[in-house]
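Heads up, the thing below is written out as C-alpha coordinates.
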There are 2 protein chains.
Amino acid sequence: MGTTKSNNFTAAQNRKAELYKALGHPARIAIIEFLIRKNSCVCGDIVDQLPLSQSTISQHLKELKQVGIIKGEIEGVKMCYCIDDKIWSELKEMNNSLIDSYAINDKCC
Amino acid sequence: MGTTKSNNFTAAQNRKAELYKALGHPARIAIIEFLIRKNSCVCGDIVDQLPLSQSTISQHLKELKQVGIIKGEIEGVKMCYCIDDKIWSELKEMNNSLIDSYAINDKCC
DNA sequence: TTTATCTATCGCAATATTACGATTAAATAA
DNA sequence: TTATTTAATCGTAATATTGCGATAGATAAA
(Lines give C-alpha, C1' and ligand atoms only; values in the text may rest on other atoms or scores of the structure.)
Protein backbone atom coordinates (compact mmCIF):
# COMPACT_ATOMS: atom_id res chain seq x y z
CA MET A 1 0.00 0.00 0.00
CA GLY A 2 0.97 3.64 -0.09
CA THR A 3 1.35 3.23 -3.84
CA THR A 4 -1.11 4.67 -6.31
CA LYS A 5 -2.75 1.91 -8.37
CA SER A 6 -1.93 3.47 -11.72
CA ASN A 7 -2.59 0.27 -13.63
CA ASN A 8 -6.27 0.58 -13.02
CA PHE A 9 -6.63 3.91 -14.78
CA THR A 10 -6.22 5.06 -18.36
CA ALA A 11 -2.96 6.49 -19.66
CA ALA A 12 -4.69 9.82 -20.13
CA GLN A 13 -5.92 9.87 -16.55
CA ASN A 14 -2.48 9.00 -15.23
CA ARG A 15 -0.81 11.66 -17.34
CA LYS A 16 -3.27 14.32 -16.20
CA ALA A 17 -2.74 13.35 -12.59
CA GLU A 18 1.03 13.37 -13.06
CA LEU A 19 1.08 16.87 -14.49
CA TYR A 20 -1.32 18.28 -11.90
CA LYS A 21 0.64 16.59 -9.15
CA ALA A 22 3.80 18.30 -10.33
CA LEU A 23 1.96 21.61 -9.99
CA GLY A 24 0.70 20.62 -6.56
CA HIS A 25 3.34 22.29 -4.42
CA PRO A 26 3.72 26.01 -3.68
CA ALA A 27 7.46 25.95 -4.32
CA ARG A 28 6.93 24.50 -7.76
CA ILE A 29 4.20 27.02 -8.47
CA ALA A 30 6.61 29.75 -7.41
CA ILE A 31 9.34 28.38 -9.67
CA ILE A 32 7.01 28.28 -12.64
CA GLU A 33 5.65 31.76 -11.97
CA PHE A 34 9.22 33.04 -11.79
CA LEU A 35 10.15 31.40 -15.10
CA ILE A 36 7.04 32.83 -16.72
CA ARG A 37 7.76 36.30 -15.36
CA LYS A 38 11.27 36.19 -16.81
CA ASN A 39 9.93 34.82 -20.08
CA SER A 40 13.29 33.36 -21.06
CA CYS A 41 15.96 31.05 -19.82
CA VAL A 42 16.73 31.70 -16.18
CA CYS A 43 20.31 30.96 -15.30
CA GLY A 44 21.33 30.38 -11.73
CA ASP A 45 19.26 32.66 -9.57
CA ILE A 46 16.27 30.47 -8.81
CA VAL A 47 17.71 29.55 -5.43
CA ASP A 48 17.77 33.25 -4.41
CA GLN A 49 14.07 33.53 -5.16
CA LEU A 50 12.80 30.83 -2.85
CA PRO A 51 12.80 30.38 0.92
CA LEU A 52 14.12 26.85 0.73
CA SER A 53 17.55 25.26 0.74
CA GLN A 54 19.52 24.67 -2.44
CA SER A 55 19.11 20.90 -2.24
CA THR A 56 15.37 21.12 -1.76
CA ILE A 57 14.96 23.46 -4.71
CA SER A 58 17.10 21.19 -6.84
CA GLN A 59 14.70 18.38 -6.02
CA HIS A 60 11.65 20.42 -7.01
CA LEU A 61 13.34 21.38 -10.28
CA LYS A 62 14.01 17.71 -10.91
CA GLU A 63 10.35 16.83 -10.47
CA LEU A 64 9.26 19.53 -12.88
CA LYS A 65 11.89 18.34 -15.35
CA GLN A 66 10.78 14.73 -15.02
CA VAL A 67 7.23 15.40 -16.13
CA GLY A 68 8.59 17.68 -18.83
CA ILE A 69 7.20 21.02 -17.72
CA ILE A 70 10.63 22.64 -17.63
CA LYS A 71 13.91 21.88 -19.29
CA GLY A 72 17.45 22.73 -18.28
CA GLU A 73 20.69 23.36 -20.09
CA ILE A 74 24.20 23.77 -18.76
CA GLU A 75 25.65 27.21 -19.37
CA GLY A 76 29.18 27.16 -18.07
CA VAL A 77 28.99 26.70 -14.34
CA LYS A 78 25.30 27.58 -14.20
CA MET A 79 22.10 25.78 -15.13
CA CYS A 80 19.58 27.54 -17.32
CA TYR A 81 15.96 26.58 -16.87
CA CYS A 82 12.89 27.45 -18.84
CA ILE A 83 9.36 26.33 -19.57
CA ASP A 84 9.16 23.62 -22.21
CA ASP A 85 6.85 24.97 -24.89
CA LYS A 86 5.77 21.55 -26.08
CA ILE A 87 4.69 20.22 -22.69
CA TRP A 88 3.17 23.56 -21.83
CA SER A 89 0.93 23.18 -24.88
CA GLU A 90 0.04 19.69 -23.74
CA LEU A 91 -0.81 21.08 -20.32
CA LYS A 92 -2.93 23.81 -21.82
CA GLU A 93 -4.90 21.42 -24.00
CA MET A 94 -5.30 18.89 -21.24
CA ASN A 95 -6.50 21.55 -18.95
CA ASN A 96 -8.95 23.04 -21.39
CA SER A 97 -10.37 19.64 -22.24
CA LEU A 98 -11.02 19.05 -18.57
CA ILE A 99 -12.14 22.46 -17.39
CA ASP A 100 -14.16 23.36 -20.45
CA SER A 101 -15.83 19.98 -20.64
CA TYR A 102 -17.92 20.95 -17.66
CA ALA A 103 -20.72 23.30 -18.52
CA ILE A 104 -21.74 25.28 -15.50
CA ASN A 105 -25.38 24.43 -15.10
CA ASP A 106 -26.53 25.14 -11.60
CA LYS A 107 -28.48 21.91 -11.71
CA CYS A 108 -27.08 20.53 -8.51
CA CYS A 109 -27.54 20.30 -4.82
CA MET B 1 10.31 17.81 8.02
CA GLY B 2 8.02 16.07 5.60
CA THR B 3 5.80 19.11 5.94
CA THR B 4 5.42 21.69 3.20
CA LYS B 5 6.58 25.12 4.34
CA SER B 6 3.40 26.90 3.33
CA ASN B 7 4.16 29.96 5.43
CA ASN B 8 6.91 30.97 3.07
CA PHE B 9 4.65 31.30 0.07
CA THR B 10 1.79 33.59 -0.86
CA ALA B 11 -1.82 32.67 -0.22
CA ALA B 12 -2.39 32.56 -3.96
CA GLN B 13 0.51 30.19 -4.49
CA ASN B 14 -0.69 27.92 -1.72
CA ARG B 15 -4.24 27.90 -3.06
CA LYS B 16 -3.08 27.05 -6.55
CA ALA B 17 -0.90 24.23 -5.24
CA GLU B 18 -3.77 22.95 -3.11
CA LEU B 19 -6.19 22.77 -6.03
CA TYR B 20 -3.68 21.19 -8.40
CA LYS B 21 -2.66 18.73 -5.74
CA ALA B 22 -6.28 17.65 -5.36
CA LEU B 23 -6.30 16.94 -9.10
CA GLY B 24 -3.02 15.08 -8.82
CA HIS B 25 -4.31 11.55 -8.50
CA PRO B 26 -5.80 9.37 -11.26
CA ALA B 27 -8.70 8.25 -9.07
CA ARG B 28 -9.69 11.85 -8.41
CA ILE B 29 -9.36 12.69 -12.10
CA ALA B 30 -11.60 9.70 -12.85
CA ILE B 31 -14.16 10.87 -10.28
CA ILE B 32 -14.26 14.35 -11.75
CA GLU B 33 -14.50 13.09 -15.32
CA PHE B 34 -17.38 10.86 -14.27
CA LEU B 35 -19.21 13.74 -12.60
CA ILE B 36 -18.69 15.90 -15.67
CA ARG B 37 -19.91 13.16 -17.98
CA LYS B 38 -23.09 12.81 -15.94
CA ASN B 39 -23.49 16.59 -15.80
CA SER B 40 -25.73 16.41 -12.76
CA CYS B 41 -25.77 15.11 -9.24
CA VAL B 42 -24.49 11.59 -9.11
CA CYS B 43 -26.08 9.58 -6.36
CA GLY B 44 -24.46 6.46 -5.10
CA ASP B 45 -22.81 4.75 -8.00
CA ILE B 46 -19.35 6.27 -7.91
CA VAL B 47 -17.98 3.24 -6.11
CA ASP B 48 -19.07 0.98 -9.00
CA GLN B 49 -17.08 3.13 -11.44
CA LEU B 50 -13.67 2.85 -9.85
CA PRO B 51 -11.29 -0.04 -9.25
CA LEU B 52 -10.76 0.89 -5.62
CA SER B 53 -12.37 -0.04 -2.37
CA GLN B 54 -15.28 1.89 -0.92
CA SER B 55 -13.23 3.34 1.88
CA THR B 56 -10.48 4.51 -0.42
CA ILE B 57 -12.95 6.21 -2.74
CA SER B 58 -14.63 7.85 0.20
CA GLN B 59 -11.26 9.30 1.16
CA HIS B 60 -10.67 10.69 -2.33
CA LEU B 61 -14.14 12.23 -2.33
CA LYS B 62 -13.33 13.83 0.99
CA GLU B 63 -10.19 15.43 -0.39
CA LEU B 64 -12.04 16.84 -3.37
CA LYS B 65 -14.73 18.13 -1.05
CA GLN B 66 -12.20 19.73 1.27
CA VAL B 67 -10.70 21.95 -1.42
CA GLY B 68 -14.20 22.67 -2.64
CA ILE B 69 -14.10 21.11 -6.10
CA ILE B 70 -17.10 18.92 -5.41
CA LYS B 71 -19.98 19.10 -3.01
CA GLY B 72 -22.21 16.43 -1.59
CA GLU B 73 -25.72 16.19 -0.30
CA ILE B 74 -27.52 13.43 1.50
CA GLU B 75 -30.41 11.97 -0.47
CA GLY B 76 -32.08 9.38 1.71
CA VAL B 77 -29.60 6.61 2.23
CA LYS B 78 -27.36 7.75 -0.62
CA MET B 79 -24.91 10.59 -1.13
CA CYS B 80 -25.23 12.83 -4.16
CA TYR B 81 -22.08 14.44 -5.46
CA CYS B 82 -21.50 17.09 -8.07
CA ILE B 83 -19.01 19.66 -9.27
CA ASP B 84 -19.17 22.92 -7.36
CA ASP B 85 -19.78 25.63 -9.94
CA LYS B 86 -18.17 28.33 -7.85
CA ILE B 87 -14.87 26.55 -7.27
CA TRP B 88 -14.87 25.37 -10.85
CA SER B 89 -14.93 29.01 -11.90
CA GLU B 90 -12.09 29.72 -9.51
CA LEU B 91 -10.14 26.88 -11.06
CA LYS B 92 -10.79 28.29 -14.50
CA GLU B 93 -9.55 31.73 -13.53
CA MET B 94 -6.57 30.31 -11.72
CA ASN B 95 -5.60 28.46 -14.86
CA ASN B 96 -5.87 31.56 -16.90
CA SER B 97 -3.61 33.41 -14.55
CA LEU B 98 -1.02 30.64 -14.65
CA ILE B 99 -1.24 28.47 -17.75
CA ASP B 100 -2.40 31.14 -20.13
CA SER B 101 0.01 33.72 -18.75
CA TYR B 102 2.91 32.04 -20.50
CA ALA B 103 3.29 33.12 -24.07
CA ILE B 104 5.01 30.43 -26.07
CA ASN B 105 8.08 32.10 -27.47
CA ASP B 106 10.64 29.54 -28.52
CA LYS B 107 13.33 31.75 -27.02
CA CYS B 108 14.89 29.03 -24.94
CA CYS B 109 17.46 26.30 -24.89
C1' DT C 1 47.41 24.05 -10.34
C1' DT C 2 44.52 25.74 -6.82
C1' DT C 3 40.41 27.96 -5.55
C1' DA C 4 35.78 29.39 -5.90
C1' DT C 5 31.15 28.73 -7.61
C1' DC C 6 27.18 26.27 -8.78
C1' DT C 7 24.19 22.27 -8.92
C1' DA C 8 23.08 17.31 -8.39
C1' DT C 9 22.95 13.61 -5.40
C1' DC C 10 23.25 11.01 -1.00
C1' DG C 11 21.63 9.97 3.50
C1' DC C 12 18.57 10.81 6.86
C1' DA C 13 14.34 12.18 9.64
C1' DA C 14 9.69 13.73 9.88
C1' DT C 15 5.39 13.85 7.93
C1' DA C 16 1.88 12.83 4.27
C1' DT C 17 -0.44 9.86 1.15
C1' DT C 18 -2.52 5.70 -0.51
C1' DA C 19 -5.06 1.72 0.26
C1' DC C 20 -7.67 -1.72 2.65
C1' DG C 21 -10.64 -4.21 5.98
C1' DA C 22 -13.46 -3.53 9.88
C1' DT C 23 -16.54 -0.83 12.21
C1' DT C 24 -19.91 2.74 12.93
C1' DA C 25 -23.87 5.57 11.96
C1' DA C 26 -27.90 6.82 9.63
C1' DA C 27 -31.74 6.08 6.70
C1' DT C 28 -34.90 2.93 4.49
C1' DA C 29 -37.30 -1.49 3.88
C1' DA C 30 -39.34 -5.53 5.58
C1' DT D 1 -38.83 -3.78 15.72
C1' DT D 2 -35.21 -5.86 12.92
C1' DA D 3 -32.80 -6.30 8.73
C1' DT D 4 -30.54 -4.01 4.80
C1' DT D 5 -28.16 -0.55 2.37
C1' DT D 6 -24.98 3.20 1.95
C1' DA D 7 -21.17 6.01 3.13
C1' DA D 8 -17.99 7.94 6.65
C1' DT D 9 -14.49 6.96 9.85
C1' DC D 10 -11.01 4.22 12.43
C1' DG D 11 -6.87 1.63 12.64
C1' DT D 12 -3.06 -0.04 10.35
C1' DA D 13 0.68 -0.92 6.96
C1' DA D 14 3.36 0.35 3.04
C1' DT D 15 5.17 3.79 0.33
C1' DA D 16 5.94 8.72 -1.09
C1' DT D 17 7.03 13.39 -0.21
C1' DT D 18 9.32 17.22 1.88
C1' DG D 19 13.30 19.27 3.66
C1' DC D 20 18.02 19.80 5.09
C1' DG D 21 23.05 19.26 5.65
C1' DA D 22 26.93 17.14 3.71
C1' DT D 23 29.25 15.66 -0.14
C1' DA D 24 30.61 15.13 -4.94
C1' DG D 25 31.43 16.70 -9.57
C1' DA D 26 32.00 19.96 -13.08
C1' DT D 27 33.28 24.44 -14.84
C1' DA D 28 35.44 28.94 -14.49
C1' DA D 29 38.69 32.12 -12.36
C1' DA D 30 43.00 33.19 -10.14
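Proteins come first, then strands; the chains are lettered A, B, ... in the order of their sequence lines, and each starts at number 1. What you see is a predicted model; the values in this text were computed from it and never measured.
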Problem set entry | Residues which pass side chain to side chain donor-acceptor pair (under 3.5 Å) with E75(B), listed by chain and number, not counting sequence neighbours | none
For this session: Give me the first and last nucleotide of DNA chain D, going 5' to 3', that has any atom under 4.0 Å from a heavy atom of chain B.
Result: dT5(D) to dC20(D)
Exercise. For DNA chain D, which residues in residues 49-67 of chain A have a heavy atom at a distance below 4.0 Å?
Worked result: L52(A), S53(A), S55(A), T56(A), Q59(A), H60(A), E63(A)
For this session: Find the distance between CD1 (I29(A)) and CZ (F34(A)) and round it off to the nearest 0.5 Å.
Result: 15.5 Å
Exercise. Would you say the SG of C43(A) sits less than 2.5 Å from the SG of C80(A)?
Worked result: yes
Exercise. Which salt bridge (Lys or Arg N to Asp or Glu O under 4.0 Å) pairs, counting each pair once, include a residue from residues 18-27 of chain A, with sequence neighbours left out?
Worked result: R15(A)-E18(A)
For this session: Would you jot down, in residue-number order, the residues of residues 25-36 of chain A having a non-hydrogen atom under 4.0 Å from DNA chain D?
Result: H25(A), R28(A)
Problem set entry | side chain to side chain donor-acceptor pair (under 3.5 Å) involving S97(B) - partner list, sequence neighbours excluded | none
Which pairs of donor and acceptor atoms, one on a side chain in residues 59-70 of chain B, lie under 3.5 Å apart (sequence neighbours left out)?
residue: H60(B); atom: ND1; partner: R28(B); partner atom: NH1; Å: 2.9
residue: E63(B); atom: OE1; partner: R28(B); partner atom: NH1; Å: 3.3
residue: E63(B); atom: OE2; partner: R28(B); partner atom: NH1; Å: 3.3

Problem set entry | N39(A) side chain to Y102(B) side chain, donor-acceptor N/O pair below 3.5 angstrom | no
For this session: List for me each residue that meets side chain to side chain donor-acceptor pair (under 3.5 Å) alongside N95(B), sequence neighbours excluded, and say none if there are none.
Result: N95(A), Y20(B)
For this session: Starting from the 5' end of DNA chain D, give me the residue, K78(B) or F9(B), whose nearest nucleotide shows up first.
Result: K78(B)
Exercise. Does D84(B) reach the main-chain N or O of K71(B) with its side chain, forming a donor-acceptor pair under 3.5 Å?
Worked result: no
Problem set entry | Non-neighbouring partners of T10(B) that pass side-chain contact (heavy atoms from CB on, under 4.5 Å), sequence neighbours left out | A12(B), Q13(B)
Exercise. Relative to the 5' end of DNA chain D, which residue comes earlier, T3(A) or K21(B), by the nucleotide with the nearest heavy atom?
Worked result: T3(A)
Exercise. Can you list, by residue number, the residues of residues 10-20 of chain B that have a non-hydrogen atom closer than 4.0 angstrom to DNA chain D?
Worked result: none
Seminar exercise, completed: On DNA chain C, more 5' by nearest nucleotide between V47(A) and T4(A) is V47(A)
For this session: Please name all residues satisfying side chain to side chain donor-acceptor pair (under 3.5 Å) with S101(B), sequence neighbours left out, ordered by chain then number.
Result: none
Exercise. So if you build clusters from Ile, Leu, Val, Met, Phe, Trp, Tyr with side-chain heavy-atom gaps below 4.5 Å, do V77(B) and M79(B) land together?
Worked result: no
Seminar exercise, completed: Heavy-atom closest pair (A27(A) atom, L52(A) atom, distance to 0.1 Å) is CB-CD1, 3.7 Å
Exercise. How do C43(A) and S6(A) order along DNA chain C: which one's closest nucleotide is nearer the 5' end?
Worked result: C43(A)
Exercise. Between S58(B) and S55(B), do the side chains contain an N or O donor and an N or O acceptor separated by less than 3.5 Å?
Worked result: no
Exercise. Backbone N or O of D85(A) within a donor-acceptor pair of the S89(A) side chain at under 3.5 Å?
Worked result: yes
Seminar exercise, completed: Outermost contacting nts on DNA chain C, any atom under 4.0 Å from chain A heavy atoms, listed 5' then 3', are dT5(C) to dC20(C)
